[in-house]
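For ligands, and for the atoms within them, numbers begin at 1 and follow the listed sequence.
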Amino acid sequence: MKETIGIPRALLYYYFYPAWRAFFESLGRTCRVSGKTTKSVIDSGIKVTVDEACLPVKAYHGHVMALSGECDNVFVPRLVSVERKAYICPKLMGLPDMVRHNCRDIRGIIDPCIDMSSNSWAYIKELYATGRLFTRNPLKIFAAQHKAKQAHYEFVRLLQAGLTPIDAMENDFRPSHNLVSGQDKSVRRPIIGVVGHPYIIYDSFLGMNILDKLNVMGAKTVTMEMLQPTTVQREAEKCGKKVFWTIGRRLLGAGYYFLRPGTVDGCLQVSAFACGPDSFISEFLQQESARSKRRVPFMTIVVDEHTGEAGIQTRLEAFMDIVERSMAR
Ligand code: SF4
């Protein structure tokens with residue numbers, strides 16, 4: 001029987017799963033992804049984590065626990081940096097330590113350390129060391145690295161073509177979002193720029209299906225992953241100070257872009273309670289929105305394990321009313 005690698009359907013899964021799957025499958029392993037987030041997944045994560053952890057980290061623990069007994073090893077990479085002189089949120093840097101401490105039933109953890117802050121060789125070396133866990137043949141490892149890189153580039157290309165990570169991962173080349181049946185095509189649909197971590201807005205439980213709800217209300221949605229990296233980078237530089245958290249900088253750049261009059265009709269930030277980077281992004285975006293003469297409607301929704309779906313629905317309806325009124329002006 002092939003060795004099975006467990007992949008929690010949370011956090012970096014939404015950025016890197018195609019690459020991880022290509023890597024492990026190329027080395028003859030099978031990937032087993034945990035199921036979708038449910039209340040019981042969240043509850044089991046909450047039981048083992050500290051109160052101060054953000055909702056996505058609690059959910060991650062729940063997904064790791066759901067893989068207990070389902071795989072031989074769980075893949076929990078330690079992501080320090082994915083580009084020079086910039087870093088990932090400290091909670092992602094400490095993920096393997098938290099999981100080891102909090103999920104005592106999980107025995108095998110594969111935890112390569114991805115740190116490209118000084119050069120990209122460190123990443124290649126670390127991935128090579130991970131490949132050595134499965135084969136002694138360097139050519140096989142290099143081939144697996146190459147396949148992972150190709151899979152990642154293809155994934156990013158599909159995102160920039162307008163697919164959601166879910167559609168792109170499932171190789172469904174038709175965007176499922178933004179399709180509203182029976183809509184009058186002569187009516188221009190409001191476009192809403194949604195600023196939020198992919199592991200929140202594309203997780204239907206954590207993000208409470210906000211994208212689907214907006215689509216049902218007749219809006220088209222655009223997210224950070226669908227923008228060109230150069231656009232996001234250029235916009236983020238408006239902040240005046242280098243934001244050295246990679247994901248925070250990208251979210252900020254996307255938010256600044258959406259708040260530029262003429263790009264979208266409304267900008268919605270979906271933020272996680274207890275998320276440090278989100279709290280400063282929210283502040284910067286509110287300031288930018290207040291500064292703008294032709295204001296793009298802007299709203300922030302904060303989600304945590306206590307957020308009720310009915311409240312979200314009401315707030316979205318109110319937001320869409322404001323967007324439609326602003327479009328009619
Ligand atoms: S960036 Fe925010 S939401 Fe994401 S892991 Fe860090 S604290 Fe949690």
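- If you number the atoms of ligand 1 from 1 as listed, the ones under 4.0 Å from a heavy atom of P56 come out as 3 (S).
- In terms of protein heavy-atom proximity, atom 2 (Fe) of ligand 1 is closest to C275 SG, 2.3 Å.
- Centroid-to-centroid, the aromatic rings of F142 and Y128 come within less than 6.0 Å.
- Between the side chain of S68 and the backbone N or O of V64 there is no donor-acceptor pair closer than 3.5 Å.
- Here H197 fails the criterion, with no N, O or S atom under 2.8 Å of atom 6 (Fe) of ligand 1.
- Those atoms of ligand 1 with a heavy atom of C89 less than 4.0 angstrom away are 1 (S), 5 (S), 6 (Fe), 7 (S).
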Applying ring-ring contact (aromatic ring centres under 6.0 Å, His included) to Y15 and F155, what does each step give before you reach the verdict?
CA-CA 9 Å; Y15 289 93; F155 180 57; 8.7 Å; no

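- You'll find the ring centres of F24 and F75 inside the 6.0 Å limit.
- In this structure, T135 and I141 approach most closely via the heavy-atom pair CG2-CG1, 3.6 Å.
- For ligand 1, the atoms closer than 4.0 angstrom to any heavy atom of C54 are 3 (S), 5 (S), 7 (S), 8 (Fe).
- Listed by number with element, the atoms of ligand 1 under 4.0 Å from a non-hydrogen atom of Y199 are 1 (S), 3 (S), 4 (Fe), 5 (S).
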Please lay out, stage by stage, how D167 and T164 fare under the test side-chain hydrogen bond (donor to acceptor under 3.5 Å, both in side chains).
CA-CA 5 Å; D167 292 331; T164 67; 3.2 Å; yes

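- Set against the non-hydrogen atoms of K91, the atoms of ligand 1 under 4.0 Å away are 7 (S).
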